[in-house]
Every structure is written in structure tokens, then in C-alpha cells.
Asker: 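Let me give you the structure first, and then I'll get to my questions.
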Amino acid sequence: MATETVAKPRTSARVGVQKFGTFLSGMIMPNIGAFIAWGLITALFIEKGWIPVAELGGFGTNAEGEPNGGIVGPMVTYLLPILIAYTGGRMVYDVRGGVVGAIATMGVIAGTDSPMFIGAMIMGPLGAWTMKQIDRLWDGKIRPGFEMLVNNFSAGIWGAVLALGGFYGLSYVVKWFTDRAGEVVEFLVNNGLLPLTSIFIEPAKVLFLNNAINHGVLTPLGIQQSLEQGKSILFLLEANPGPGLGILLAYMFFGRGAARASAPGAAIIHFLGGIHEIYFPYVLMKPILILAAIGGGMTGIATMAVTNSGLVAPAAPGSIIAVLAQTSRDSYVGVILAVVLATAVSFLIAAVILRTSKNKGEDDLSAATSRMEAMKGKKSSVSSALVGDRADAQPGTVLTRPVQNIVFACDAGMGSSAMGASVLRNKIKAAGFPDVKVTNSAIANLNDNYDVVVTHQDLTERAQPRTASAVHYSVDNFMNSPKYDEIVDLVRSSNSEGAASETGVTPDSGTTTEPGAGVQPAAAATTAAPAHGAHAAEPAPAAGGKATDGQPVEGKGVLLRESVVLNGTATDRDAAIDEAGKLLLDRGAVDVSYVHAMHEREESVSTYMGSFLAIPHGTNDAKEHINHSAVSIIRYPEGIDWGGKQVKFVVGVAGINNEHLQILSSIAKIFTNKAQVAQLEEATTVDEVLELFGKVNA
């Protein structure tokens, strides 16, 4: 299956900055509620606030003549940095990483009198990552009964070492950087140059580089300035909704077609909801409109500088509601004027551009939305507000051959992908195309011999460079994703007689392919290619399949009676993984390192499948820790939280070659049938569960 061009892997500097900004945002955004709380308390109770209270605001002295400590200072000095550090550490190494990162950050906090937000964003992830590397030194080597002792003391000792390093070293480095950056901002303000920052900020927003700028630089500096002056102009350099609103208003009056029709709804989402990315496609349709955004941004910043206005805390999301909620008591006129004038200037510039342009953007909104999602690296949650379901279509992904090979790819290639392949295989067979091969594979084993590649949305970027000529579908649910119906429609269209030769088929996929890096036309229909590391399309009956009476057949026994638990004791995701892994350990199917790899896999990409089902399994590198194939099934009648999803059934998976695929196929069939899921929920004995799987296999 040849292709004339190969998609360039998304490893540009822009993608690197995006990933860095996304990571910074991941530390800040979960704690925005704490920032809002601090901002409200500051706005109300400091000496210049709406309701000055010395005991809360931390000014003046008490009856004994001692300075009031208040809660404003401790919150910004201790609470917010430690929350950021813990969140960053947990992103790297779960709770253990969060705890070590928080300990390490305390040293940086105590080493200086400045709020250590940058220090927290360094020490939190650094502490977690180094702890993870240290744990690997004795992974699997600790004698039973000493695990808690070693784990607790190693975390405590290493956390203390990092705290000392932060106190005597990093705190001075961060303080120096913060002071120098503050001097740069002061220079720009004193010389009237701050509006020029819009030349960089507004294009960066459209390219999704704003997180690195906003959370990495502006927010830490803004908080320092807010502590000293009671407000900061820096909080509104990027968050001002005016420039985007002006562009959308211009499309409402002077655009055409889909752009004009969708602009009013986009304006509401942008201005009131604070989701700025919704106006990015309108700029990408006509890139010269970035001048309107820059003009509006410069006007807003200049207005705030002239009126000496600012916010007391970050406005997130960038909604006018959040902006006004965080506005300093003496800055309402200036902030409102900055938003209004930014909107007006942006509108006027955009209106002139649209009025004098021959192309008013009536046909390009869908393509621009796709380009936006390609730059962002994932599907936009608000794109449907612009172009509906067609926002998923990739203009460069055109398939001119029948679909013969479909592969599901995940990290290990033995759990999530096997289940998804089974579900889609049944759908395609039911549609009348039994010859279409549906396989599953580890991403590391992929090659460019597939027509369609399906991955979890967090793994698509890794799979694309290996399968440049394939159509990519990104899903967030392997059991019942609506994308499966789209793939079936693609198979039906491309495999119908004459369809491939007469017209190309553009799938409505969730791909994040770079613009122009689509599939090239093939000369003729291709034959089925070998799987190259993928599992067979139809797993043959293997040891551990179920007989019709529900009892295990002769052989290794992939699913045995003792591996089925009707009432699990775990109360959260991590404990459930441990419980499922212990059943595999008890059977001698895996060693303890495989259970650790199950947790590692979960941190990378969730194994939640939909229909109350999760199938935790190890990473691809952990296959060497599998002794023989096995599956464990645990039911949680009350359900447990699995990354925000409710899970009632946890299936632990350890598979060598294809031996576990028969039972996974059975599980997939059951969990796509609501009646059979209900039977599992109501089962009172293990025999009922085994019998149900036996009937499916029969």
C-alpha cells in the first residue's frame, strides 16, 4: 500500500511548546477554584478592599500590638504553591509523586519571601520524576512485609533532600528570575511599551501557545504584582475577551454562509463562557484577521495602563463574568472600558478586512476548524458549535480504495485494543462485510499497511507517524464509541461496487492529522496485508475459552472460577487495579512488576471502556512479566470512580500471544448488550457469570 508522501511527525518546536504549556496548564487549572477563593478574599478584606478586615486581610496590628497575619498572605505563600506542586507531582507519579513534590516545594517556599509559583511548577514534577526513578532501583527486590517501610522512608528521605536543595539553591535562582522578569515588565509599563506584547500574545493564542505564556510567566508575575499593589494588569493581557468578540461581531455583520450563521452562537460561548478557542477558526479562515486581534489586544492593554486598572487574581476561564469577579475595587471603569474598546477596535479592523475581501469565509469554516484541531493536537470540545458533527472531517484524508485492513492500536496491544476490535468486527460483519480484517496491535508494532487506524484520543499522535497513509479515528471509549458507526459507513461506501474508482470517500473521523498530510490515491484495491505483530482478526478458540455449561475447558484456563469476584472491596481506581492484579498474582500468571505496570498504563491512558467496564492491563514493556495468560473479573455493585467515570466491572488482563482474546471477545459481546450487562449486575453466583460467558462463546 504505497503512498507518495509521508506525514511529517508532529515534533516541531510549536508542538513542544504546546505540550509544555499544556503541562503547566494541567498544574494550574485544577486549582483555579483556590485562586478564585484567594482573589475574592483579597478583593474583599485587604486594606484597599470592599470590606477591609484587618484580621483577615493581614494589615495593622491586634490588641497586643502584634501584626495581623490574616489569611491572604498564607494562602498565596503556602496553599497555592503547594497545591500546584502536589498536582504537578501527581501528574507525573500519582499520589506518591504529589506528596514528594509538595515536600520539595516547601524548601523553595521557605527560602525566599516571594510567592514560589514558578518554584512549585519546577519542584513538584521534578520531585515526582526523581522519586519514580529511585523506586525503579529496587522495584521487585523488596522482601515481603517491608514494602511500606521502604516506600515511606524513601519518600521521606528524598523529599527532605529536595527540600534542602530547594531552600539553599533553587529558591535563589527562581527569585532572581522573578525579579528580572518583573524589571522587564516595569520597563515596558514605564515606557508605554506593554501594549506591544499583543504582537506576540494574540498569534500565540491562535497557535495554542498561550498556556505556556499565561501560566508559565504572566500568572506568577501577576500574583507577585498583586501582592505588592493590590492588583495587576498582567492578568488581563491574555484573558481579555474583547479582541475575539470583535472578530466574531464582524463575521455576524459582514461574513457569509456558515461563518456568519455560526458567529452569534460562538460569540456567546466566547464572551460569557470564556472559551476563547472558539474564535480561532474564524482567524484561521483568513489569517490576516490576526491584525484585528492584535489591534484589539493593544487597545485593551493601553486602556488599562492609562487608567491604572487591573485584576486581583487570574480570570479563568476568560469570561467577562470571571474578569469582573476578579476586578480590583478601583478598576471597574478601566477594565470595562478596556474590554469595550478592545472589542470596538478589533471589530473595525476585521470589518474593513472582510468588506474589502472577495472571500467572506462562507465555505472554509469546517476546514479551518480542522486545522485548529490539528494544531491543538486533539478535538475541540466546542467545535460542534461552529460546524456541527462535520467538524471532525479532515479535508486532506481522502480514501480512494476499498477498506480491507482496520487496526486498533493501544500501548500494549492486548487489552483495550482487543476489546474495541471485537466490537467493531461484529458491527462490520453485521453490515455484510465479513472479509474486512479487523486486528489489534501495540503502537510499537504498527506499520503503514493499514487502511484505517483506531486509537484512544491520547495515543493518536503516537500512531500517526507510523501509519501515515491510513485514515485515523480517535475515540475516548472503546466499547460504544459513535465513531464505530462512522467507520462502518466508510467501509460500506468504499467497498460498494464502483465507489472506490468513481468517488473518494472523506470519512467523518476524529483524526488530528496535519493539514495536507492525508492519504494519497492508490492505483487499485489493495489486498489484505499481514498484521505484523497484530492479533488475528478472528481469535481462534484458545485455552481458557468457556464451554456451553460455563465451566472452563481443558488447558491453561484463562478465566477460572477463583478469578471471579462478585463483590469487590476496593473503593477507588488504584485499589481496584491492585485487587484485579492480586487475582492474577495468586494464579501465578504474572509477577508483581506486572501489577506495577498496570498502574503505569492507567496513568498513561485510561482503560475505561464504557458500559461500566474497565480493563486494566500492563504496558507493552511489561509483557516479559507475564507467565501465562489469565483474566480476572471483579464486580463492584455500588460502582467506583474511574477518572470521573462510574465503573462496576473491572477485568484484569494478562495475555501472551492470542490466548486471552477469546474471553475478551466474549466480554466485548456482553458489554455491548444492555440485557446481558443487566444479567451480570443481577448475578448472585459465580456460576451465573461463567454460564453467561459460556453461552456467548457457544
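All residue numbers in this chain count up from 1 along the given sequence.
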Asker: With side chains defined as the heavy atoms from C-beta onward, is the minimum distance between K231 and S331 less than 4.5 Å?
Answerer: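 The answer is yes; the side chains approach within 4.5 Å.
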Asker: Would I301 and S198 count as a side chain to side chain contact (heavy atoms under 4.5 Å, CB included) here? Give the steps.
Answerer: CA-CA 8 Å; I301 295 172; S198 290; 3.2 Å; yes
Asker: Taking all non-hydrogen atoms of both residues, which atom of G222 and which atom of F235 are closest, and how far apart?
Answerer: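 Closest heavy-atom pair between G222 and F235: C-CZ, 3.3 Å.
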Asker: Which heavy atom in P81 sits nearest to a heavy atom in A120, and how many Å separate them?
Answerer: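 For P81 and A120, the tightest heavy-atom pair comes out as O-CB, 3.2 Å.
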Asker: Taking the side chain as C-beta and beyond, is there a heavy-atom pair between R355 and V352 under 4.5 Å?
Answerer: no
Asker: Sequence neighbours left out, what pairs pass side chain to side chain donor-acceptor pair (under 3.5 Å) with at least one residue falling in residues 311-328?
Answerer: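 Found S328-D330.
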Asker: Is there side-chain contact between E202 and V283, with heavy atoms separated by less than 4.5 Å?
Answerer: no
Asker: Assess the residue pair K483 and V454 against the criterion (side chain to side chain contact (heavy atoms under 4.5 Å, CB included)); give the C-alpha distance rounded to whole Å, side-chain angles, the decisive distance to 0.1 Å, and a yes or no.
Answerer: CA-CA 9 Å; K483 297 296 180 186; V454 186; over 6 Å; no
Asker: Any idea which heavy atoms bring V72 and W38 closest together, and the distance?
Answerer: O-NE1, 3.2 Å
Asker: Between A351 and F254, which heavy-atom pair has the shortest distance, and what is it?
Answerer: CB-CE1, 3.4 Å
Asker: Can you find a heavy atom in the side chain of M121 that is under 4.5 Å from one in the side chain of I84?
Answerer: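 Yes; the side chains approach each other to less than 4.5 Å.
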Asker: Under 4.5 Å between any side-chain heavy atoms of V339 and P241, yes or no?
Answerer: yes
Asker: So if I apply the side-chain contact (heavy atoms from CB on, under 4.5 Å) rule between Y78 and each of L83, I109, T105, which one comes out positive?
Answerer: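 Exactly one pass, corresponding to I109.
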Asker: Measuring from atom CG of L311 to atom CG of L237, what distance do you get when rounded to the nearest 0.5 angstrom?
Answerer: 9.5 Å
Asker: Would you compute the distance between atom NZ of K175 and atom CD1 of I118 and round it to the nearest 0.5 angstrom?
Answerer: 12.0 Å
Asker: Within a reach of under 6.0 Å around CG of L324, are more than 12 heavy atoms found that belong to other residues, nucleotides or ligands?
Answerer: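 Counting other residues, nucleotides and ligands, CG of L324 exceeds 12 neighbours.
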Asker: Show, in sequence, the C-alpha distance, side-chain angles and deciding distance for I294 and M298, and conclude whether the side chain to side chain contact (heavy atoms under 4.5 Å, CB included) test is met.
Answerer: CA-CA 6 Å; I294 292 173; M298 294 177 68; 3.7 Å; yes
Asker: Could you check whether any side-chain heavy atom of L193 comes within less than 4.5 Å of a side-chain heavy atom of F187, counting everything from C-beta outward?
Answerer: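 Answer yes - side chains close enough.
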Asker: Is the shortest side-chain heavy-atom distance between L196 and L188 below 4.5 Å?
Answerer: no
Asker: Are more than 12 heavy atoms from other residues, nucleotides or ligands located less than 6.0 Å from atom CZ of F253?
Answerer: no
Asker: Considering only heavy atoms from C-beta outward, does the side chain of L289 approach that of Y251 to under 4.5 Å?
Answerer: yes
Asker: Would you give the length of the straight line joining atom CD1 of I349 to atom CD1 of I290, rounded to the nearest 0.5 angstrom?
Answerer: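 So the gap between those two atoms works out to 11.0 Å.
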Asker: What's the spacing between L341 CG and T303 OG1 if we round to 0.5 Å?
Answerer: 4.5 Å
Asker: Taking atom OH of Y282 and atom CD1 of I247, what is their separation to the nearest 0.5 Å?
Answerer: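 One gets 11.5 Å once the value is rounded to the nearest 0.5 Å.
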Asker: Give a yes or no answer on whether the side chain of N308 reaches the backbone of M304 with a donor-acceptor pair at less than 3.5 Å.
Answerer: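 No.
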Asker: Rounded to the nearest 0.5 Å, what separation is found between the CZ atom of F35 and the CZ atom of F117?
Answerer: 4.5 Å
Asker: Taking all non-hydrogen atoms of both residues, which atom of A34 and which atom of M75 are closest, and how far apart?
Answerer: O-CE, 4.3 Å
Asker: Looking at S346 and T343, would you say the former's side chain and the latter's main chain have a donor-acceptor pair under 3.5 Å?
Answerer: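 Checking the backbone N and O of T343 against the side chain of S346, no donor-acceptor pair under 3.5 Å is found.
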Asker: What is the minimum heavy-atom distance between M252 and A263, and which atoms define it?
Answerer: CG-CB, 3.5 Å
Asker: Test of understanding: with side-chain hydrogen bond (donor to acceptor under 3.5 Å, both in side chains), list the residues that count as partners of S309, not counting sequence neighbours.
Answerer: T307
Asker: Could you go through N31 and T87, starting from their C-alpha distance and side-chain angles, then the distance that decides it, and tell me whether this counts as side chain to side chain contact (heavy atoms under 4.5 Å, CB included)?
Answerer: CA-CA 8 Å; N31 300 304; T87 304; 3.1 Å; yes
Asker: Can you tell me if S226 uses its side chain to pair, donor with acceptor, with the backbone of V312 under 3.5 Å?
Answerer: yes
